[in-house]
Amino acid sequence: MEGNKYSIKADFTLMAMMLIPIAIAINILGGQIAAALKLPIYVDTIGTLLIAILAGPWVGALTGLLSNLINGIFDPVFIPYAMVSIAVGLVAGYLSRAKMFNSIGKMIISGIILGLTAAIISSPITAFMFGGVTGSGSTLITGVFLAAGQSLLKSVITTSIITDLADKIISIAFCFFIIKSISIRYLSKFSLGTHFTKKRA
Amino acid sequence: MAGDNILKLNPLTKITFAICLSISVFFADYPYALGCFIVLCFIAGFYRILKDYLIMLLKTLFIIIIFMFILQALFYPGHEIVWQWKFISIKQEGLMYALSLSSKILVIGGSILLFFKTTHVKDLVSSLEQVGLSPAFAYVILSTLQIIPQMEKRSRQIMDAQRSRGVETEGNLLSRAKAFIPSLGPLILSSIVGTEERAITLEARAFSAPVKKVRAHVVKETPTDKWLRILFISLLILFMIWRVVLWII
Amino acid sequence: MDYLIEIQQVTYQYPTGEKPVLQDVSFQIKKGEFCAIIGPNGSGKTTLCNAIRGFIPHFYKGELHGDVRINGKSIKDQTVGELSLQVGFVFQNPFSQISGVSETVFEEIRFGLENLGIDTVVAEKRVDEVMKLTKITHLQDRNPFELSGGQLQRVALASIIVMEPDILVIDEPTSQLDPEGTEEVFEIIRLMKEKQKTIILVEHKMELIAEYADHIILIDDGKVILNGNNEEILTNEKVLEHNTLLPQYAMLGLELRKHGVNLDRIPVTEKQAKEELTKWFAQEGQIYV
Ligand SMILES: Nc1ncnc2c1ncn2[C@@H]1O[C@H](COP(=O)(O)OP(=O)(O)OP(=O)(O)O)[C@@H](O)[C@H]1O
Ligand SMILES: [Mg+2]
């Protein structure tokens, strides 16, 4: 019916707009709960991934941007990393348009692509803006690579590839369970939601 | 009192200041940046929030800065060794690099923090809406600010309920990871189900009525605001020209 | 006769539904009329309200066969935004009827007026009046997120009334209220009727419908089963066949008739019941004394 044509405007439905605040809150809460449970990964992009998968790349990008800006009110370190969240939103949205979240195998590939995207964009920020330091325990891993004689950028990239891959694959698995539990009635309200309704009877 | 006047500046004026100051530190060395940071502290003092401000800086930026000093001092490639113990050595170049970087972080992060400590986000959004931000966008930001504490509250209730039901929120990694799903999943699902009715609510309140909205909450814009913004921007441009010229010569 | 609202052979199926939720629904509502829609759970009452407000088909999508006309103009030719100027809509769940951007009840009620572009001074006066009318002035500085269901139901009603639409569509406004709160809400709705508003109300509390409604429509399984004036419908035993109650006075009347008590008419309100019984006692009561 809708064919394969997508437009930015068509993605920004009222429903998508109403979901943005919730997605941002999910990002922030996910991060908080992961921290409270002392999990070794951030899980602070679940909301961005979820909304990008359902409502497309630009809604995802906007959600990512706003999440980091709002976190930045209390901790400005988040603000430069908005670039990463925007990229994650965009890439996840385009992957979803290409139906790359419709099977376990494709989801793992998507997770790897997203993990690499996040690592490639966040590393220069960490290395050149913050001298290799992040606010988390991963700084220690960076230190280990540095001590082993690697360059700063290389150490940071290696560190973030490890953490981001794990983070994105786990986050996508979580999104998968959430999307599976959303009833067709609500899924169909989002521009890409129909990708997930057809297989169900 | 002068302090009262400053408090009433338009958010756009304050943000112009923060942005100009942040850009300027890229055109000078760390003594300038440290000077800027002292100015920020003075402004915070003017608003009578210096203590709060410093505590917030301590909790966010200082930690990163300290780690950065350690990392850079140890691993920055350099020759001038300041201090050595067995195979660990601290190098002058690393310290200087860390100092230069952290003074910039302090000014940029410090201006952002100061801006938000002295400005309600609501005022910022209103002032942006007054210069053309779309109402839908403004709505998204404002409702996000309202929804976050609501969802935090509900998530805390859910986690407490889980603990009392014996779901392990401590213990080994796997059981903690498992606790994550029931902590967040139901909250997400119920929120998504609610979006449809919230969209209808918005329509019922004439959000997309074909008329121009009138906002009751208006942020004042005085001539002082206009002149200050022009001043900040011209000072920045002059400063940049001066530094570039110096650099070329 | 000109009708304000005309529903013409409406058949509608939700895009994700399996069968039509409304089937060949037709009826008309006059200006200033108080029309109650009754029927069992899941019969399509809310769906019908959504069609009158234009959320069907504009928001819910799906194909709408037939037509809904308001003031002679099809809802298909109007946007949801344009319709918001004419039709006010209060729906079932009070907890999701919060704009989400207001810090106080006062701001919440004013939100609609901001969107209508009403001058701030006028708007605040109107908000004050409506809060008095709906008896929520004491809540004006509270955060809407912290109110009870009953309080929210009144805030939701107030937020729509303040916008002064000509037509009010109200879907089960008393589900979260105790009997006293319910009476108060009906009192507000009655005042709206006095102001010549056209009212469409979905409600299960039949005694109150008997008291206030002019026109009643019974729907079941997406079809109009009965359509007539208050007494016609509320004395019709057929209503009971559709899992819908009648007012207790009508039930009493029908029951008495079955036992050979010859009432002139079946009462639907308390007042009528008293009248009828007194009359009957006066005529035949002595026989038994
Ligand atoms: N958005 C939707 N998408 C798909 N089906 C829906 C939707 N909303 C309602 N339905 C279905 O349409 C039918 C009629 O629902 P509707 O809500 O109109 O009934 P109702 O008379 O208002 O019921 P109640 O008394 O419980 O409020 C039900 O079977 C319901 O499951
Ligand atoms: Mg209903």
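Just so it is clear, the model here is predicted, and its values are computed rather than measured. So you know, we letter chains A, B, ... as the sequences are listed, proteins then strands, and number each from 1.
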Legend entry - Closest non-hydrogen atom pair between A:A25 and B:M151, with its separation: CB-SD, 3.6 Å

Legend entry - Any A:F130 side-chain heavy atom under 4.5 Å of B:I105 side chain: yes

Inset, instruction - Please name the pair of heavy atoms, one in A:M15 and one in B:A199, separated by the smallest distance, quoted to 0.1 Å. - result: SD-CB, 4.1 Å

Legend entry - Proximity breakdown for A:L62 and chain B, heavy-atom pairs closer than 4.5 Å: side chain

Legend entry - Closest-packed option against chain B by number of heavy-atom pairs under 4.5 Å, given A:D75, A:I73, A:L14: A:I73

Inset, instruction - Measure A:I79 against the heavy atoms of chain B and call it side chain, backbone, both or neither at under 4.5 Å. - result: side chain

Legend entry - Side chain, backbone, both or neither of A:L152 within contact of chain B (heavy atoms, under 4.5 Å): side chain

Legend entry - Nearest-0.5 Å distance that lies between atom CG in A:L37 and atom NZ in B:K178: 13.5 Å

Inset, instruction - Flag the one option from B:I147, B:L189, B:L145 with the top tally of heavy-atom pairs under 4.5 Å to chain A. - result: B:L189

Inset, instruction - Report yes if some heavy atom in the side chain of B:E196 is under 4.5 Å from a heavy atom in the side chain of A:R185; otherwise report no. - result: yes

Inset, instruction - Under 4.5 Å, counting heavy-atom pairs only, tell me which of B:V121, B:L113, B:L57, B:L187 racks up the most with chain A. - result: B:L113

Inset, instruction - Decide yes or no for B:I148 and A:I70: does some side-chain heavy atom of the first lie under 4.5 Å from some side-chain heavy atom of the second? - result: yes

Inset, instruction - Using a cut-off of under 4.5 Å on heavy-atom pairs, state which of A:G72, A:G132, A:A147 scores highest against chain B. - result: A:A147

Legend entry - Nearest-0.5 Å distance, CD1 of residue B:I158 to CG of residue A:L29: 9.5 Å

Inset, instruction - Heavy atoms only, distances under 4.5 angstrom: which of B:E152, B:R156, B:Q150 has the most pairs with chain A? Name it, please. - result: B:E152

Legend entry - Flag if over 12 foreign heavy atoms under 6.0 Å of NZ, A:K154: no

Inset, instruction - Please indicate whether A:M107 has more than 12 foreign heavy atoms, meaning atoms of other residues, nucleotides or ligands, lying under 6.0 Å from its CE. - result: yes

Legend entry - chain A interface, residue from B:E203, B:R198, B:M159 that has the most non-hydrogen pairs under 4.5 Å: B:R198

Inset, instruction - Would you check if the side chain of B:Q72 reaches a backbone N or O of A:G131 as a donor-acceptor pair within less than 3.5 Å? - result: yes

Inset, instruction - Any chance you could measure A:I22, atom CD1, to B:I188, atom CD1, to the nearest 0.5 Å? - result: 10.0 Å

Legend entry - Part of B:F67 within contact of chain A (heavy atom distance under 4.5 Å): both

Legend entry - More than 12 heavy atoms from other groups under 6.0 Å of NZ on A:K106: yes

Legend entry - Any A:I33 side-chain heavy atom under 4.5 Å of B:S155 side chain: yes

Inset, instruction - Counting only heavy atoms closer than 4.5 Å, note whether B:Y97 contacts chain A via side chain, backbone, both or neither. - result: side chain

Legend entry - Proximal component of A:I24, with respect to chain B [non-hydrogen, under 4.5 Å]: side chain

Legend entry - Choice from B:S143, B:G194, B:P149 maximising heavy atom contacts with chain A below 4.5 Å: B:S143

Inset, instruction - Could you grab the distance from atom CD1 of B:I192 to atom CG of A:L50, nearest 0.5 Å is fine? - result: 5.0 Å

Legend entry - B:M56 versus chain A, the contacting section by heavy-atom distance below 4.5 Å: side chain

Legend entry - Heavy-atom pair with the smallest gap, counting every atom of A:G143 and B:L71: CA-CD1, 4.1 Å

Inset, instruction - Check each atom of B:L202 against the heavy atoms of chain A and say whether the ones under 4.5 Å are side chain, backbone, both or neither. - result: side chain

Legend entry - Contacting region of B:Y139 [heavy-atom separation from chain A under 4.5 Å]: side chain

Inset, instruction - Please check if atom OH in A:Y81 has more than 12 non-hydrogen atoms from other residues, nucleotides or ligands closer than 6.0 Å. - result: yes

Inset, instruction - Quick one: pull up CE in A:M17 and OG1 in B:T195 and give me the separation to the nearest 0.5 Å. - result: 13.5 Å

Inset, instruction - Please tell me if the side chains of A:F177 and B:I181 come closer than 4.5 Å, counting only heavy atoms from C-beta onward. - result: no

Inset, instruction - May I ask you to check whether B:F180 and A:F174 place their ring centres under 6.0 Å from each other? - result: yes

Legend entry - A:L66 portion near chain B, given a 4.5 angstrom heavy-atom threshold: side chain

Legend entry - Rounded distance [0.5 Å steps], CD1 in B:I108 versus CE in A:M129: 5.0 Å

Inset, instruction - Using non-hydrogen atoms and a 4.5 Å limit, figure out which bit of A:F12 sits close to chain B: side chain, backbone, both or neither. - result: neither

